[in-house]
Amino acid sequence: MTAAPGVAIPREPVPGGGGPGRGSGKGLGLFRSWTAVWTTGLCLLPLGLLTAGAWLGRHVRPSADEWCFLPKVRDLGVWGMVEKFYATDNGRIGNGLLVGMYAQFPVAGHQWFALISGVIMLVVLWALTVLLLRRAGRTAPRGVPLLVASMITAVFLFATPNTYKTFYWPAASVSHTLAPVLACAAALPLLVARGRRGMIAALAVVLVAGVFMGTLSEEASVVCLVVLSAVVLLGRWIFTERALTVARCWALVGMAGIGIGTIVLMTSPGGRRRRDRFGLETTSMLAPESLIASLRGYVRILETVFTTWQYVGAIAAGVLLGLLVRSREGASPVLLPSRPLLWTSFGALAFLLSGYLCTVITYPVFGARVVTAQRTWNDYLLLYVVFLVGAGAFLGRAVRKRERRAGVATALAAAACAAAVLGLAVPLSHLGHDMRVRAQKWDRQDQYLRAQAAKGAKVLPYTPLSVAGTLEPFGGKGRNVWPAGCVADYYHLDRVTYSTRLP
């Protein structure tokens with residue numbers, strides 16, 4: 001994968017360094033060393049936030065769907081859970097696999113989920129940043145790729161209106177938060193591929209990943225299809241000639257994999273039962289009234305997203321990236337010389353279209369509640385955050401050409417990153433308090449139910465304990481019974497009854 005003939009990336013000036021031809025190699029080395037120091041220091045803010053968020057994961061306890069998952073995995077094992085998803089629940093066998101993997105460690109699986117999934121997200125986004133810079137023929141001071149990846153991860157997880165369901169609730173996270181990040185991971189083999197064997201491996205990985213994604217999350221699959229379609233249709237304005245053929249082939253294979261996975265899901269007994277349960281066989285998501293209602297709901301979602309000021313942290317991280325990257329000597333970039341307005345337009349179109357399509361396919365299930373089902377937004381919000389970073393990078397690149405303003409812009413962008421992290425820390429602290437209170441009450445009730453069940457009790461009282469809007473047995477002051485039967489199964493009881501007082 002080499003650059004097309006005649007494609008060259010011009011050398012660019014160092015912010016405040018007087019441009020190429022001024023200064024010395026020693027001066028440039030000192031600049032890079034100092035930049036690596038302060039960017040690494042700035043990384044400590046989002047990394048500290050992510051560490052604090054992972055530490056709060058020790059307060060997570062089962063709720064909602066997980067009450068039903070735990071006894072099934074206990075009795076049937078992980079593959080029994082996969083079979084149950086395929087045959088009776090919803091057809092999402094990829095989802096069933098991930099659910100089984102954490103549910104086989106009951107409470108501990110929930111407590112460790114945030115840490116493990118958070119590390120996976122950060123590592124994937126870090127590797128993706130490094131490899132994209134390399135393929136673009138760019139280099140950045142140490143610390144910059146980690147700063148960008150950690151800011152993306154922090155903003156993605158904590159700027160959402162419901163961080164608990166985004167990050168801490170495994171039942172939602174595996175299919176709406178982790179899913180788009182795993183889709184990004186499928187691009188890593190392509191970015192490191194060298195030679196024929198490397199390309200074959202990259203194609204095999206994206207095919208398998210596509211099939212898995214199709215059985216994991218319909219919304220994440222839609223986002224992937226939009227992005228891959230953009231590579232096929234718009235790639236000639238982005239990639240060099242030889243890279244374009246490879247990129248299109250890779251994208252088409254990925255789309256084929258998603259198609260296969262979607263067919264498996266749609267034809268599964270569980271998929272058919274789910275459509276019957278929600279009346280989707282007789283309701284068309286493409287009906288004019290459904291499309292218009294979906295658009296109204298999507299506009300309200302965008303109002304919430306666009307007025308969440310902490311997303312400025314993603315833009316600021318992008319600005320720093322644009323200010324600090326340099327052309328890499330001897331590189332053969334696979335991207336054409338950047339056209340900021342065109343590429344930004346492509347990114348905005350991909351985000352807006354994928355978000356609307358996700359709303360269209362979820363509206364028949366949620367109805368007007370699609371506006372409050374924030375966990376389903378995450379499938380396309382990762383694309384939004386990445387888009388903001390890219391737009392910020394183009395802005396930083398434009399400012400870098402005005403050397404006198406580059407230093408001020410760098411300081412302002414760093415300050416914006418810090419402000420965004422602090423702005424995310426406050427609501428996370430409040431959520432942590434709520435999680436800690438629930439965990440204490442949950443553990444107290446858990447000990448009581450286990451002790452009484454061990455003595456032979458078959459019917460016991462249960463007090464609903466909800467956090468961040470998650471469902472619990474006897475929600476709505478006892479009106480909503482589900483999933484009381486699953487709680488009874490979990491504790492080997494015949495049934496549980498509604499109680500307003502903890503034991």
Side-chain angles (χ1 to χ4, degrees), residues 63-73 75-76 78-103 165 169-180 210-225 257-287 290-291 293-294 297 357-380 470-471 473 475 480-486 489:
S63 61
D65 307 65
E66 292 152 355
W67 281 121
C68 299
F69 296 159
L70 292 176
K72 293 299 180 183
V73 173
D75 298 338
L76 304 175
V78 175
W79 293 110
M81 192 67 184
V82 172
E83 191 277 334
K84 181 178 181 296
F85 268 56
Y86 177 78
T88 62
D89 284 3
N90 50 35
R92 300 172 184 160
I93 56 178
N95 197 337
L97 176 62
L98 294 183
V99 165
M101 290 174 66
Y102 75 79
K165 291 186 177 180
W169 188 28
S173 181
V174 293
S175 53
H176 298 294
T177 304
L178 194 58
V211 175
F212 182 76
M213 195 60 55
T215 62
L216 173 64
S217 170
E218 295 96 318
E219 294 84 2
S221 296
V222 166
V223 176
C224 291
L225 287 173
I258 294 173
I260 295 170
T262 302
I263 291 173
V264 171
L265 186 150
M266 296 298 291
T267 58
S268 67
R272 291 196 295 269
R273 288 190 60 177
R274 182 174 183 269
R275 292 194 296 275
D276 290 339
R277 185 165 65 250
F278 289 104
L280 301 182
E281 295 287 9
T282 57
T283 303
S284 174
M285 67 181 66
L286 300 180
S290 181
L291 292 175
S294 299
L357 292 178
C358 286
T359 308
V360 167
I361 67 173
T362 54
Y363 185 84
V365 175
F366 291 97
R369 292 184 297 110
V370 73
V371 178
T372 57
Q374 294 100 342
R375 66 184 183 275
T376 63
W377 305 1
N378 298 315
D379 297 280
Y380 52 88
T470 54
L471 295 178
N480 303 322
V481 177
W482 185 88
C486 296
D489 288 343

Worksheet item: Could you go step by step and tell me if V211 and V264 meet the side-chain contact (heavy atoms from CB on, under 4.5 Å) rule?
Response: CA-CA 9 Å; V211 175; V264 171; 5.6 Å; no

Worksheet item: Is there a side-chain contact (heavy atoms from CB on, under 4.5 Å) between F85 and S268 once you walk through the steps?
Response: CA-CA 9 Å; F85 268 56; S268 67; over 6 Å; no

Discussion item. How long is the straight-line distance from CD1 of I361 back to CG of L286, given to the nearest 0.5 Å?
Written reply: 11.0 Å

Discussion item. So N378 and P180, do their side chains get closer than 4.5 Å, heavy atoms only?
Written reply: no

Practice prompt. Locate the shortest heavy-atom distance separating H176 from S217; write the atom from each residue and the value.
Written response: ND1-OG, 4.3 Å

Practice prompt. Taking all non-hydrogen atoms of both residues into account, name the closest pair between V73 and A103 and its distance.
Written response: CG2-CB, 3.7 Å

Practice prompt. Classify the side-chain pair E219/W377 by whether it contains a donor and acceptor separated by less than 3.5 Å.
Written response: no

Worksheet item: Which heavy-atom pair separates A179 from L216 by the least distance, and what is that distance?
Response: CB-CD2, 3.6 Å

Item to complete: Drop me the distance from D489's CG to K72's NZ, to the nearest 0.5 angstrom.
Response: 6.5 Å

Practice prompt. Quick one: list whatever passes side chain to side chain contact (heavy atoms under 4.5 Å, CB included) with A293, sequence neighbours left out.
Written response: Y363

Worksheet item: Can you tell me how far OG1 of T372 sits from CZ of F366, rounded to the nearest 0.5 angstrom?
Response: 8.5 Å

Worksheet entry | Minimum heavy-atom distance between I93 and Y86, given as atom pair plus value | CG2-CB, 3.4 Å

Response to the item:
Hits for salt bridge (charged side-chain N to carboxylate O under 4.0 Å, His left out) against D89, two or more places apart or cross-chain, chain-then-number order -> K84

Practice prompt. Evaluate the side-chain contact (heavy atoms from CB on, under 4.5 Å) criterion for residues T177 and W169: first the C-alpha distance (whole Å), next the side-chain angles of each, then the deciding distance (0.1 Å), finally the verdict.
Written response: CA-CA 10 Å; T177 304; W169 188 28; over 6 Å; no

Practice prompt. Using the side-chain contact (heavy atoms from CB on, under 4.5 Å) rule, take V365 and R274 through it: C-alpha gap first, then chi angles, then the decisive distance, then the call.
Written response: CA-CA 10 Å; V365 175; R274 182 174 183 269; 3.9 Å; yes

Worksheet item: If every non-hydrogen atom of M213 is compared with every non-hydrogen atom of S221, which pair is closest and at what distance?
Response: O-OG, 3.0 Å

Worksheet item: Looking at L265, V174, T215, which hits side-chain contact (heavy atoms from CB on, under 4.5 Å) with N95?
Response: V174

Discussion item. To the closest 0.5 Å, what do you measure between OG (S173) and CZ (R375)?
Written reply: 12.0 Å

Item to complete: Return yes if some donor-acceptor pair links the side-chain N/O of S294 with the main-chain N/O of S290 below 3.5 Å, else return no.
Response: yes

Worksheet item: Looking only at heavy atoms, what is the nearest atom pair of M266 and R272, with distance?
Response: O-CG, 4.1 Å

Worksheet item: What's the spacing between L291 CG and T359 OG1 if we round to 0.5 Å?
Response: 11.5 Å

Fill in: Interatomic distance, L76 atom CG to M81 atom CE [nearest 0.5 angstrom]
8.5 Å

